[in-house]
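Reviewing the structure listed below.
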Amino acid sequence: MFKLKLPTDPRWANLAEKNISEVLTDHAFCELKAASTATSLISKFPDKTELVQAMVELVKEEIEHFHRVHELLLSRGYELGKERKDEYVNELTQFCIKSGYSREEYLINKLLLAALIEARSCERFKVLSEHFKNSDAVLSQFYHELMISEANHYTLFIGFARKYTQNIDVEKRWNEILEFEGQIIQNYGISELIHG
Ligand SMILES: [Fe+2]
Ligand SMILES: [Fe+2]
């Protein structure tokens with residue numbers, strides 16, 4: 001899926017099912033962070049008008065996702081728990097974003113990083129949607145819808161990376177990032193977090 005090197009370990013879905021309030025809480029914060037990535041791109045690249053316009057729409061959509069996850073938590077008698085560290089995203093960020101980058105390097109890497117996080121999130125949502133197909137129709141449908149949204153966001157970010165590159169070989173960099181993700185993902189799939 002999206003050229004991701006490895007699929008999620010299917011056992012992760014069982015873990016998620018047993019800790020659904022934790023998963024939904026972590027998921028809610030993922031949506032909030034996605035909105036914050038979009039606002040930070042607006043602040044850092046105000047001159048990229050097309051990007052700014054797309055990020056405004058994205059902020060609205062990610063906040064709506066946050067709203068939906070939050071409502072789902074409440075409807076099941078839970079409340080939003082505490083935010084937990086996302087080691088997966090931290091590792092990827094360290095790999096993708098280095099100090100001393102030029103403006104272009106920063107932009108392209110930031111866009112590719114966002115594309116990858118959308119792609120893996122989408123893959124995890126697909127796992128959840130399929131896992132809950134026969135046991136929880138509401139969750140299954142919910143994750144199916146979000147899977148489609150996040151797939152579109154992946155396409156959006158990859159598209160901007162290709163559009164704005166001047167001196168960077170985007171395909172080469174994208175492959176390096178995919179390789180790295182394929183290695184680190186082997187250490188995940190063992191906790192009740194969206195990227196855990
Ligand atoms: Fe989202
Ligand atoms: Fe997204």
(request) Take I177 and C96 through the test side chain to side chain contact (heavy atoms under 4.5 Å, CB included) and record every step on the way to the result. (result) CA-CA 7 Å; I177 294 172; C96 292; 3.8 Å; yes
(request) Evaluate the side chain to side chain donor-acceptor pair (under 3.5 Å) criterion for residues E57 and Q53: first the C-alpha distance (whole Å), next the side-chain angles of each, then the deciding distance (0.1 Å), finally the verdict. (result) CA-CA 7 Å; E57 292 306 315; Q53 287 174 319; over 6 Å; no
(message) Let's go through L112 and I158 carefully: what are the C-alpha distance in whole Å and the side-chain angles of both, what is the deciding distance for side chain to side chain contact (heavy atoms under 4.5 Å, CB included) to 0.1 Å, and is it a yes or a no?
(response) CA-CA 6 Å; L112 292 178; I158 280 280; 3.9 Å; yes
(request) In sequence, state the C-alpha distance, the side-chain angles, and the governing distance for V52 and T49, and then conclude on side chain to side chain contact (heavy atoms under 4.5 Å, CB included). (result) CA-CA 5 Å; V52 171; T49 301; 5.6 Å; no
(message) Does Y143 form a ring-ring contact (aromatic ring centres under 6.0 Å, His included) with H27? I'd like the steps, not just the answer.
(response) CA-CA 11 Å; Y143 277 111; H27 178 181; 5.3 Å; yes
(request) Go through L72 and V138 one step at a time and tell me if the side chain to side chain contact (heavy atoms under 4.5 Å, CB included) criterion holds. (result) CA-CA 9 Å; L72 194 57; V138 172; 4.1 Å; yes
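Shown here are the side chain to side chain contact (heavy atoms under 4.5 Å, CB included) partners of S140, two or more places apart in sequence or in another chain: S129, F132, K133. With sequence neighbours excluded, the residues forming a side chain to side chain contact (heavy atoms under 4.5 Å, CB included) with I97 are T93, Y106, N109, K110, L113, listed by chain and number. Applying the side chain to side chain contact (heavy atoms under 4.5 Å, CB included) rule to E64 yields the partners H67, R68; only residues at least two apart in sequence or on another chain are considered.
No side-chain heavy atom of E179 sits under 4.5 Å from any side-chain heavy atom of W174. Residues L116 and L4 are in side-chain contact: their nearest non-hydrogen atoms beyond the backbone lie under 4.5 Å apart. Counting heavy atoms from C-beta on, the side chains of S21 and R76 never come closer than 4.5 Å. Residues F142 and V69 have side chains in contact (heavy-atom distance under 4.5 Å, counting atoms from C-beta outward). When side chains are defined from C-beta on, I20 counts as touching L139, because their heavy atoms get closer than 4.5 Å. At a threshold of 4.5 Å between non-hydrogen side-chain atoms, the residues Q186 and L6 count as touching. Contact check for L111 versus L51: side-chain heavy atoms found under the 4.5 Å cut-off. A heavy-atom distance below 4.5 Å is found between the side chains of L107 and L41.
Judged as a salt bridge (charged side-chain N to carboxylate O under 4.0 Å, His left out), the pairs with a partner in residues 25-46 (not counting sequence neighbours) are, in order, K33-E83. Counting only residues at least two apart or on different chains, the salt bridge (charged side-chain N to carboxylate O under 4.0 Å, His left out) pairs with a member in residues 153-170 are E50-K163, R162-E171.
Residues F29 and G81 share a closest heavy-atom pair of CE1-O, 3.3 Å. Nearest heavy-atom pair, K5 versus G182, reported as atom, atom and distance to 0.1 Å: CB-CA, 3.8 Å. Closest approach of N14 and H131 over heavy atoms only: OD1-CE1, 3.1 Å. Closest approach of V170 and I108 over heavy atoms only: CG2-CG2, 4.0 Å. Smallest separation of non-hydrogen atoms from L156 and A54: CD1-CB, 4.2 Å. Counting all heavy atoms, side chain and backbone alike, E17 lies closest to S135 at OE2-OG, 4.4 Å.
Residue N134 places its CG atom among 12 or fewer non-hydrogen atoms of other residues, nucleotides or ligands, all under 6.0 Å distant. Within 6.0 Å of CZ on R103 lie more than 12 heavy atoms contributed by other residues, nucleotides or ligands.
Atom SG of C122 and atom CG of N152 lie 9.0 Å apart (nearest 0.5 Å). Residue T8 holds its OG1 atom at 5.5 Å from CD1 of I185, rounded to the nearest 0.5 Å. For the atom pair M55 CE and S40 OG, the distance stands at 10.0 Å (nearest 0.5 Å). Here E105 contributes atom CD and I168 contributes atom CD1; the two are 5.0 Å apart, rounded to the nearest 0.5 Å. To the nearest 0.5 angstrom, R173 atom CZ is 11.0 Å from L178 atom CG.
H70 and Y78 share no side-chain donor-acceptor pair at under 3.5 Å. Looking at E145 and Q141, their side chains do bring a donor and an acceptor atom within 3.5 Å of each other.
In the hydrophobic cluster analysis, where Ile, Leu, Val, Met, Phe, Trp and Tyr join through side-chain heavy atoms closer than 4.5 angstrom, F180 is grouped together with Y101. Hydrophobic clustering (ILVMFWY, side-chain heavy atoms < 4.5 Å, transitive): L15 and L128 are in distinct clusters.
With K98 contributing its side chain and Q94 its backbone, the two residues share a donor-acceptor pair below 3.5 Å. Put simply, the side chain of E118 never gets that close to the backbone of F157: no donor and acceptor are under 3.5 Å apart. Formation of a donor-acceptor pair under 3.5 Å by the E79 side chain with backbone atoms of L73 is not found in this model.
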Return all side-chain donor-acceptor pairs below 3.5 angstrom for residues 188-196, not counting sequence neighbours, or 'none' if the list is empty.
from	atom 1	to	atom 2	distance (Å)
Y188	OH	E87	O	3.4
Y188	OH	Y88	N	3.3
Y188	OH	E91	OE2	2.6
E192	OE2	R84	NH1	3.2
H195	ND1	D86	OD2	2.8
H195	NE2	S121	OG	2.9

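In this structure, the ring of H144 has its center no less than 6.0 angstrom from the ring center of F125.
In this structure, E181 pairs ionically with R120, as a charged nitrogen and a carboxylate oxygen lie closer than 4.0 Å.
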